[in-house]
Structures are given as C-alpha cells and as structure tokens.
Amino acid sequence: MKIVNLGILAHVDAGKTTVTEGLLVHSGAKKRMGRVDDGTTTTDSLSLERRRGMTIRAATVSFSWRDTKINLIDTPGHMDFIAEVERSLAVLDGVILVISGREGVQPQTRVIFEKLRAMHIPAILFINKIDRVGVSLDGVYADIRRNLTGRVVPMQCARDTGTRDARVLPLADTEGPLFDAVVESDDALLERYLNGERISPETIRRALWEGTRTGALYPAYLGAALHDVGIAPLLDAVADCFAWEAGDAPGPLCAYIYKVEWDEYDHKRAYLRVFSGALRIRSQVSHAGAEEKVYVRGLMTLGDGGFGPAGTVTAGDIGVLLDAPNVRCGDFLGEAMALPVGSPPAQPLLTVGITPDATAGRPALLNALTRMTEEDPILRLSIHPETEEISLRLYGMLQREIIQAMLLERFGVQASFSPLRTLYKEQPREAVGAQIRIGTPGNQHQAGIAFTVVPTPPGSGVSYETRVSYGDLERSFQNAVGEGAMAGLAQGLGNEIVDARVIFTDMDYSSVTSTPADYRRLAPLVVRMALEEAELRRLEPWLRFFLTAPHEHQRKVLTAINRVRAVLAAVEHGETEVRIRGEAPLDTTKEFAAELLSMTQGRGLFEASFLEYREVREDRTGDAASI
Ligand code: GDP
Ligand code: MG
C-alpha cells in the first residue's frame, strides 16, 4: 500500500482546517463538510477550539485517495502554538502550505517555509480564498516570489475570482507558465528543449514531482476550500507527488512520538510514526534509551476519518500507543535515529506565574499543570526555590488565555495568572572563576570544585569542558559535575545564562565519603558564586514585525510604534493603507497588537516573529515590564 504523512500548515486563518474538511469529504471519509464557523469540523475537536473557531492542537486524521492512505496532520497557525507545529514536522513526507489569496504571504507563512526548507520537507502551495473580494493572483504570486521562493510553478488559472463562482482550470503542460517553470528548473530538460526536442507531458510531470520532492520546485494550486473549489486536483497532486510504497523499511523498530494527549475517557494517547520495523501489540519495546521497557498494552491506527484498534503499526504509518505511562513527546521507541534537523525549535520568550484560587488548591493545580507539560514539554513547569511561585514558559497572551481556560474546562481548576514577564538572558562580560573546597565553611557536600566561567561568541549557547583528568576523578563523578554546571547556568542569578562555557579546572575528593550526588549539588553553587563575581550583560528578545493600518491612522500609529523603541526598516504606502516593517523589543510590544486594534477601530494589524536576543541598552534598566 502507498502512504503519505501529510501536514497542513499556514498562518492562522488561511484555511487549513477548512481545506482539511474538503479533503475528508472529497475522499469519501466524511459525508458532509463541517464548518469552522459553526464549530463542526473533524480536526477542531476540543470544545475550546470549536468555540473559538481556531485550531490549538495538532490533530491527525486519515483517509484514502486512489491507492494511497493519507495521514493528515492539521496544525495550529497562531504563533503561540508554534511548538505544536514543530513537533509534527519530523514525521511528515510532505506539506500543503496554505496561503490566503486575500492576505498573501504572512509572517507565520515565512517562518514555516524557512523551517520546511531547513528540514528538507517538500511542499505544495495552495492559494485559498480566491472567492474573496479583492484577491489578486498576480499580487499573491509576486508576494510568493519575493518572500518565499522564486521556484514556484503555477499549475492552474482561475476564472471569476473574487466571486462565489470562482473556479479553477488546469494549465497546459505542453507550453505556457507551468511548462516554462519546470523546463527552466532542470538543466538537462532545458538543453533538450533548446535543441528543439519535443518534451512530452509525461516528462514534464515526472520532472515536476521529482523537483517538488527535492525542494527544487513548489507547485501552486488555487481554490476556495469553503466552497469546495480546487480540492480534487489538490488530492491528486498529493498522491502523485508524495506517495511512497510503505512497509518496505525492514529492520529493527524505530518509532518517533510526535504528540501526547489524554482523550475524553482519560486514556493517554501517544501518536507516533514508525520509521522502520513494526510496532506490535503486547510486545516490549525499548524506550528513549532507558533501561525500562515499554509494554504495548493498546494500539490504534487511523483510517477513513476515525481510529480503530490495531495489532501492528508498520513502517511508514502513523499509529497511537495507548496508556504507556512513561513516554513523552519527542521520545523514540526502539532504536533512535537522527531526525531531520532544522533550525533549533522556537523557544518561549515569556513566563507567567500561576496561583490557584483558594478553593482549587495547589495539589490540583500542580497535577493539572504536570499533565499539560507532558503534552507540551516546552511549557517547562517550574517552582521558584524561594518564593515557591509556580510558573510556565510560554509564547504569548493567547496561549496564556488558552491554558487558563483549559485548566478550568479539563481539570476544573480555577487559577489566576500573573502578567506576562519577558524572559531575559544574561552573559558574563569576562572570564570569572570560583571555588568551594571540602571543608570550606558552609559547604555541606563531600565535594570540592573549582570552575572558570568564560563568555563565548553570540549564538554559541552554553557548553561545559573538563580539564580534570578522568584518572583523578572518574567518569560518573565528572558527569555529575557537568550536569550540575549546566543546571547552574540555567538558573543563573535569576535569568538563564547564554553564550558561556563552564570549565572544570580543579577538585577535591574524599575516596571514603564522596558521591556523585555531592558533586551534582555543589556544582551549581560554584557557578552561582562565579557569576556573582562577574559583570553580566543583560539580553532581551527582539522581534521582526509587520504592521498595516489604514492611512487615516498613520500619524497615531507612527507615534505609537516609536514609543515602543521600534527600529523601522521600511514604510510603504499602499492605496488605502500604510505598511511598516521593522524590529522591536518584545518587552514593549507584548500588548501592541491589541493597542493597534483599538487605535484603528479593529483595522490595524501587527504581526511579529522572534528575531534574536540583543543587549539591553544602558539608558534603561530592563526591569521586567508587564502587561
Ligand atoms: P485555519 O486557521 O488556517 O485553520 O483556517 P480556518 O479553516 O479555520 O478558516 C479561517 C476562516 O476562513 C474561517 O472563517 C473559514 O470559514 C474561512 N475560510 C476558509 N476557507 C475559505 C475560502 O475558501 N473562502 C472564504 N471566503 N473563506 C474561507
Ligand atoms: Mg485551523
């Protein structure tokens, strides 16, 4: 059987969930098309998603088209849920990247496209909403060429765009824009063509799909998913381009868990893709390199819009492992393999403190948050060692709102959330050293450590090096020192330390009483002591933003954007609107999207994505401003 693991990706509201409905209905997996606006789609199944008309969780559905099984992952498009998207990417054979014909390429479209390119995941473009008043296909193509890729292949033309009667027609593959784009992408073909040879449609198709699979070409389809326009050709393209003969990856088991969630009956579900071998019910499989094995108690596969019990999940397919207590998102079952590496995952830039309301109580809150962190490890639940404040890391205001709502709906826990605080980072300006010896007053550990902490170049992250020989201190002790040192950098003096290396230079050791745990506990204290000696550079996250607002609000908007310490890169004047691009600190713009909306009667748009950490300027203290 042939198989495709397909992702649907896009900026929020471009139409991913609606396209998914269209694909389900066209393939026969579903009778009637659900609507996002009525809360009746298959993949927006959480009540929160239905009420808001917005995807929060990646959802997997499956259907067949021709001789191919298509497992489809519908993803959230809002920036705040980027982690959910990134976890899914590792299991995909290909992607439909949806672009709204009305809005064109949006900030999140670019972020996603860069990730796909870095991970060598091929994509077919679907330009949606061609029924909307004001669409300009020429404009969208120009936008794609300027902001995504010049290697786009127009596959169709459209009639009556901007109306309910919009429809699409295939372009000829013997001449014209489709033909030209494919021939130009392939040197051998181009030469044959220039030599006057006739290039057959079959040759063009083969070169088109081959070029798409290797990321040399991006075919672009058109449609209006809401009105069921352009879906069938999209299905054909997915099957033609991405399908591969599954089950032909023999060998030992390797499966990757891309999602963990609890279903409505409180069963834990671990969604996984089998890359090689097979996962069998009632077998024991090794897990994430740990000693303890996982017993496969329950197994499901997907088919025709739903789930069904399964005895085996074979290579290439997606399945669900039921009720395996220890598995986490991002784990491997069987033998680990290298996943396609992209850019490092987007990190949350904000943190929020959470307090249970009197009635709920701390244990209930902690239970709920522990479970939510298993589903989304990037939240990283932590408890402050002194104040005991419970906090999570997150991406933005919408995520805060959603977590608060989920606590209440899923767990019945009412809790108050602090304003969002920016996650600053710090770096020592120069090398500093510190040591704590056995017998140093106050040292309760049977260990002695000397460290030097040195700054390293921007973007280099944190690292650890030992200059103590393994003859003097054996490996299990040295590993404990390394772990403790990294924990010390993560804690810093309140903010995480970046771009620094801890060098282990000297130690004391008592052969009778010392244990690795002594070294693991002492190491962070020595790092802390060194940092207290250092002058620290404070770094804050900066964003790249894109702002549009109607002309009549230009003056107000410019004043406001200057107030948030933005650096403007371009101010362009369209027919009715002003478009501003630039860079700004996150700390001062956390609230800007909402401010702009009220400043422009709901017509201004502020969208931003993470750029880099930069030093906080001298003229301000950089106190955690809050909203
Ligand atoms: P997602 O956020 O990418 O999943 O987008 P949705 O599928 O939730 O769609 C966002 C909004 O756009 C909803 O109100 C849809 O009804 C609407 N929409 C989706 N596709 C089309 C289309 O082809 N034409 C029009 N006019 N609206 C659409
Ligand atoms: Mg959606």
Side-chain angles (χ1 to χ4, degrees), residues 286-292 326-332 336 344-345 347-348 351 370 373-374 377-386 391 393 423 425-428 431-438 440 442-456 460-534 536:
S286 50
H287 162 229
E291 288 278 303
E292 205 178 323
N326 297 326
V327 302
R328 284 175 60 114
C329 218
D331 287 351
F332 280 97
Q347 291 300 312
T351 171
T370 304
T373 323
E374 258 185 81
I378 224 144
L379 294 174
R380 204 192 281 166
L381 173 64
S382 64
I383 300 173
H384 194 279
E386 279 129 43
S391 67
R393 301 189 312 169
L423 276 170
K425 296 188 177 180
E426 287 179 312
Q427 186 199 27
V432 280
Q435 56 175 324
I436 299 178
R437 297 293 183 177
I438 293 182
T440 302
N443 182 6
Q444 292 156 7
H445 307 290
Q446 290 300 309
I449 292 174
F451 281 149
T452 306
V453 182
V454 297
T456 54
S460 58
V462 287
S463 55
Y464 167 77
E465 172 190 334
T466 177
R467 295 195 183 152
V468 172
S469 95
Y470 287 102
D472 291 338
L473 190 68
E474 68 166 73
R475 192 168 293 272
S476 60
F477 287 77
Q478 295 250 8
N479 290 346
V481 176
E483 281 166 31
M486 295 311 262
L489 290 178
Q491 279 160 22
L493 301 181
N495 297 309
E496 182 185 341
I497 302 292
V498 287
D499 302 336
R501 167 177 299 170
V502 176
I503 305 171
F504 183 27
T505 54
D506 199 9
M507 58 93 206
D508 292 328
Y509 173 72
S510 155
S511 61
V512 186
T513 51
S514 294
T515 66
D518 286 307
Y519 288 85
R520 189 177 297 110
R521 294 198 192 106
L522 182 65
L525 306 180
V526 183
V527 170
R528 186 175 182 95
M529 197 169 163
L531 293 174
E532 277 164 353
E533 294 301 309
L536 296 178

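When a residue number appears, it is its place in the shown sequence, counting from 1.
- To the nearest 0.5 Å, atom CG of residue Asn495 and atom OG1 of residue Thr351 are 10.5 Å apart.
- In this structure a side-chain-to-backbone donor-acceptor pair under 3.5 Å is present from Arg393 to Ile378.
- Thr515 meets the side chain to side chain donor-acceptor pair (under 3.5 Å) test with Asp518; sequence neighbours excluded.
- Taking each heavy atom of Phe451 and Ala485 in turn, the nearest pair found is CZ-CB, 3.9 Å.
- Nearest approach of Ala431 to Thr452, heavy atoms of both residues: CB-CG2, 4.4 Å.
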Checklist entry - Would Val481 and Tyr464 satisfy side-chain contact (heavy atoms from CB on, under 4.5 Å), going step by step from the backbone distance to the final call? => result CA-CA 10 Å; Val481 176; Tyr464 167 77; 3.4 Å; yes

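- Between the side chain of Gln427 and the backbone N or O of Thr456, at least one donor-acceptor pair lies under 3.5 Å.
- Side-chain atoms of Leu423 and Glu496, non-hydrogen and from C-beta on, never get closer than 4.5 Å to each other.
- Among all heavy-atom pairs drawn from Thr466 and Gln478, the shortest one is OG1-OE1, 2.8 Å.
- Between atom CG of residue Leu536 and atom NZ of residue Lys425 there is a gap of 14.5 Å, rounded to the nearest 0.5 Å.
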Quiz: residues 497-508 side-chain donor-acceptor pairs under 3.5 angstrom, not counting sequence neighbours:
| from | atom 1 | to | atom 2 | distance (Å) |
| --- | --- | --- | --- | --- |
| Asp499 | OD1 | Gly459 | N | 3.2 |
| Asp499 | OD1 | Ser460 | N | 3.1 |
| Asp499 | OD1 | Gly461 | N | 2.9 |
| Asp499 | OD2 | Gly459 | N | 3.2 |
| Arg501 | NE | Ser463 | OG | 3.0 |
| Arg501 | NH1 | Glu465 | OE1 | 3.3 |
| Thr505 | OG1 | Ala450 | O | 3.1 |
| Asp506 | OD2 | Arg437 | NH2 | 2.9 |
| Asp508 | OD1 | Arg437 | NH1 | 3.2 |
| Asp508 | OD2 | Ile438 | N | 3.3 |

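- Atom OG of Ser391 and atom CG of Leu381 lie 7.5 Å apart (nearest 0.5 Å).
- For the residue pair Pro516 and Ala480, the shortest heavy atom distance occurs at O-CB, 3.3 Å.
- Rounding to the nearest 0.5 Å places CZ of Arg528 at 11.5 Å from CD1 of Ile436.
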Item to check | Evaluation steps, side-chain contact (heavy atoms from CB on, under 4.5 Å), between Arg521 and Gln444 | outcome: CA-CA 10 Å; Arg521 294 198 192 106; Gln444 292 156 7; over 6 Å; no

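- Among Thr440, Thr513, Leu525, the one residue that satisfies the side chain to side chain contact (heavy atoms under 4.5 Å, CB included) test with His445 is Leu525.
- Across all non-hydrogen atoms, the minimal contact from Val527 to Gly488 is CG1-C, 3.8 Å.
- Annotation: the span from Thr370 atom OG1 to Leu379 atom CG amounts to 11.0 Å, rounded to 0.5 Å.
- Taking every heavy atom of both residues into account, Arg328 and Thr373 meet most closely at NH2-O, 4.5 Å.
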